[in-house]
Amino acid sequence: MEKLISEGNCVFCQEIFKQSGMSRHLAKHLSELPATKYQSFHLNISAGEMFLHVQMDGSATLGELDDFLRAIWLECCGHMSSFEVKGKRYDNDWDDMDAEIGESQTKKVSLLFKKDMVLEYQYDFGSTTHLSMKVMGEYPTATPKGIKLLSRNNPLKILCHVCNEKPAAIICSVCVYEGEGMLCKTCVTKHKKTCDDFADYAAMKLVNSPRMGTCAYEGGTIDVARDGVWKS
Ligand SMILES: [Zn+2]
Ligand SMILES: [Zn+2]
Ligand SMILES: [Zn+2]
Ligand SMILES: [Zn+2]
């Protein structure tokens, strides 16, 4: 399969940039914001060709970032999650009050983040979705709501694995492991007749998230306009 082209819109000027150029472009806007006594961080979050750029207030916590990631990309059934920074884990353990694993996510990011710091993140320790993130910069400006979405990849041009012509819209979560599970609306009709798993339980929506086709994931609850399928 050809490498997918990944691009997104800049929230400041609305122009489209490729994944590789987005960090540098956003840095220009961020450095032009008026200086205050507050502090914000620019974070680049990615999973392959999928990316999010966010501006995060220094007073916000890893837990708030976890909530944001769940809302836009991950939440299916309240799995555990974890950040890892320099070998130290920060776990989400809200569904188990007695869990004693790693440190808590209540830490303010101003006490943790430094420019160029790399963080690893996992959602669900069974069918895990892995994200990588990097602190791209630090700015003397506030982020009033804690976390602001600066950019996100537009739906990727994923073609149907069967006809290789039309945009894929449905996933067969069983056949996807054989490289045959991303299906356009036409090929879905044929797939239903040959795949018993698909008819029973394996049919899932293709959405704009690295968790698509995993567990019970059906899409995010924020920024839903960009959560759909690529339109030709
Ligand atoms: Zn811009
Ligand atoms: Zn789940
Ligand atoms: Zn097709
Ligand atoms: Zn199937």
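We count ligands from 1, going down the list as the structure has it; atoms in each ligand are counted the same way.
Here the angle centred on the Zn ion (ligand 2), running from NE2 of H79 over to SG of C215, is 110°, rounded to 10°. Seen from the Zn ion (ligand 1), atom SG on C10 and atom SG on C13 lie at an angle near 110° (rounded to 10 degrees). Of the angles at the Zn ion (ligand 2), the one spanning SG of C76 and SG of C77 is 120° when given to 10°. With the Zn ion (ligand 4) as the vertex, NE2 of H191 and SG of C195 span 110° to the nearest 10°. At the Zn ion (ligand 4), the vertex angle linking SG of C175 with SG of C172 is 110° (nearest 10 degrees).
Of the charged side-chain nitrogens involved, none lies within less than 4.0 Å of a carboxylate oxygen, so that R70 and D67 do not count as a salt-bridged pair. The pair K148-D57 fails the salt-bridge criterion, with no side-chain N (NZ, NE, NH1 or NH2) lying under 4.0 Å from an Asp/Glu carboxylate O. Between D227 and R152 there is a salt bridge, since at least one side-chain N of the basic residue sits less than 4.0 Å from a carboxylate O of the acidic one.
Both I222 and M133 are part of a single hydrophobic cluster, where members link through side-chain heavy atoms under 4.5 Å apart.
Between V109 and T61 the shortest side-chain heavy-atom distance does not fall below 4.5 Å.
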